[in-house]
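Accompanying notes for the structure given below.
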Amino acid sequence: MNKMKSDKLLLSIIRKTNKKAVLGKYKTVTRCRACDSSDLHKIFSLGLVPRPNGFLKKYMLSLKEEYFPLSISFCGKCGMVQLDQLVEPETMFGDYVYLTSASKPMVEHLESFADTVYKRFKLTPRSLVVDIGSNDGTFLRHFKKLGTKILGVDPAKNIARVANKNGIPTIADFFSTNLSKSIIAKHKKADVITAVNVVAHVPNWNDLFEGVNRLLDDNGVFIAEFPYLLDFVKKAEFDTIYHEHLSYISIRPLEVALNEQGLEIIDAERYSIHGGSLRVYVQKMNGRRKKTATVKRLLSAEIKFGTNKKKSYVAFSGSIIKIKKDTNRFLNKISKNKGSIIGYGASAKGNIFLNYVQITKEKLPLIVDSTKYKHGLFTPGVHIPVVPEEKILDLKPDYVLVLAWNFADTILEKNRKLIKSGIKFVVAIPKLRIYK
Ligand code: JHZ
């Protein structure tokens, strides 16, 4: 079946639950983002889904809603894993609802991240830290406290406005080679450039890394952090596949793309945040710092895993199908027994989970969340209302499905009293578990 026919067939299935579903515009990616090879092989398709952060206001529920195919492939040459579709970035990031400051574990992670960087690279009041994808300025706020110069860049105009109001100077734009030139003209070269959960979102790596190389001082460091491919595959974190995440990054392809733009990885560290992330430290090619043994060790682990081999992704695909089956079986049992259940954490990944598993508001009538921007909105596709986190105290459901599984420890800990009172918390990824 050709692509167009299969999209139309999938759309007709979705229209059974969402009559307003239409096919949105997207481009198909045919070459590897890292090495430009066309040797791409499909890993898994999640069908058609709406934009992951496409929350709707009430009046929008009666309007058309765009859906896009969602699938990932690996590159047979360099092992890069990437999305097969490209949705116009402007429509995803121009007006954003995700706030870094809404998740306490992330705020704490960024605080210790800033401390580490400040000490390791001996920053001073003259040092300039530029944060790409700076969101509400949570990360830069820590550098400001430490006393460095700071500058944020973020395409979400609504959120950049908030950051500026809170004293974090932020350019409301996509970072690019062109923008790096104007930053140098107005400020100076950067001693540190950071990009936390950003590289995976950028379609054109050459332009990003060329811009980084231009903006970086000769002795500067570029530090990027992103969910790590090996964690993603091994822990079946399939709902982090969404249209904002164009790449599922490992060291090997990233190094290919960085080298191409005159940059090299000198160190890497693994963190548990967001289900398992990798932080890489990068300098200009043949810079003064030596490469650590960790980079080599991780590279060998990637080769051993076989990031460019079909067989490495078979168990991952099997787990996705099993999670869908187990969750549906579990929810059906609850509704058969007339039990009540709500969701916890209206995350982008949660929206993919709900749409892929086909969890409608009949099965999950409400989601609580700590982000003020999401309150009063409805989740994309399945239209479940989002309410403040504290509402859980009035609702007292029998079960709570934790959609922000990456913060399950924090969410379980802060709701310990509710769990003791008999409310059962459920986490579906990497496999269905009930906490009581
Ligand atoms: P969270 C984000 O994705 C955004 P999302 C982005 N696309 C990215 O790359 C990844 O992170 C890595 C809420 N919450 O962070 C807040 C509570 O209600 O998993 C958030 O809405 N109570 C840039 O959206 C959501 O859960 C809590 O106690 O998939 C978590 O969203 C906590 C801790 C969170 O990311």
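One-based numbering along the sequence shown. We count ligands from 1, going down the list as the structure has it; atoms in each ligand are counted the same way.
Near ligand 1, heavy-atom contacts under 4.0 Å come from Tyr96, Tyr98, Ser103, Pro105, Asn197, His201, Tyr242, Glu244, His245, His274, Tyr344, Gly345, Ala346, Ser347, Ala348, Lys349, Asp369, Ser370, Thr371, Lys374, Glu389, Ala404, Asn406, Phe407, Ile411, Lys414.
Remark: Lys436 is not positioned above the aromatic ring of Phe425, lacking an NZ or CZ atom under 6.0 angstrom from the ring centre and at most 45 degrees off the axis.
For Arg31, the CZ atom sits in a packed shell: over 12 heavy atoms of surrounding residues, nucleotides or ligands are nearer than 6.0 Å. More than 12 heavy atoms of other residues, nucleotides or ligands lie within 6.0 Å of NZ in Lys324, so this atom counts as buried by the packing criterion.
Among residues at least two apart or in separate chains, side-chain hydrogen bond (donor to acceptor under 3.5 Å, both in side chains) pairs with a member in residues 250-263 are Asn206-Gln261, Glu255-Lys291. Pairs of residues two or more places apart, or lying in two chains, that qualify as side-chain hydrogen bond (donor to acceptor under 3.5 Å, both in side chains) and include a residue from residues 220-232 are His109-Glu225, Glu225-Arg279, Tyr228-Glu302, Asp231-Lys235, Asp231-Arg270.
Considering only residues two or more places apart in sequence or on other chains, Asp84 meets the side-chain contact (heavy atoms from CB on, under 4.5 Å) condition with Lys42, Ser71, Ser73.
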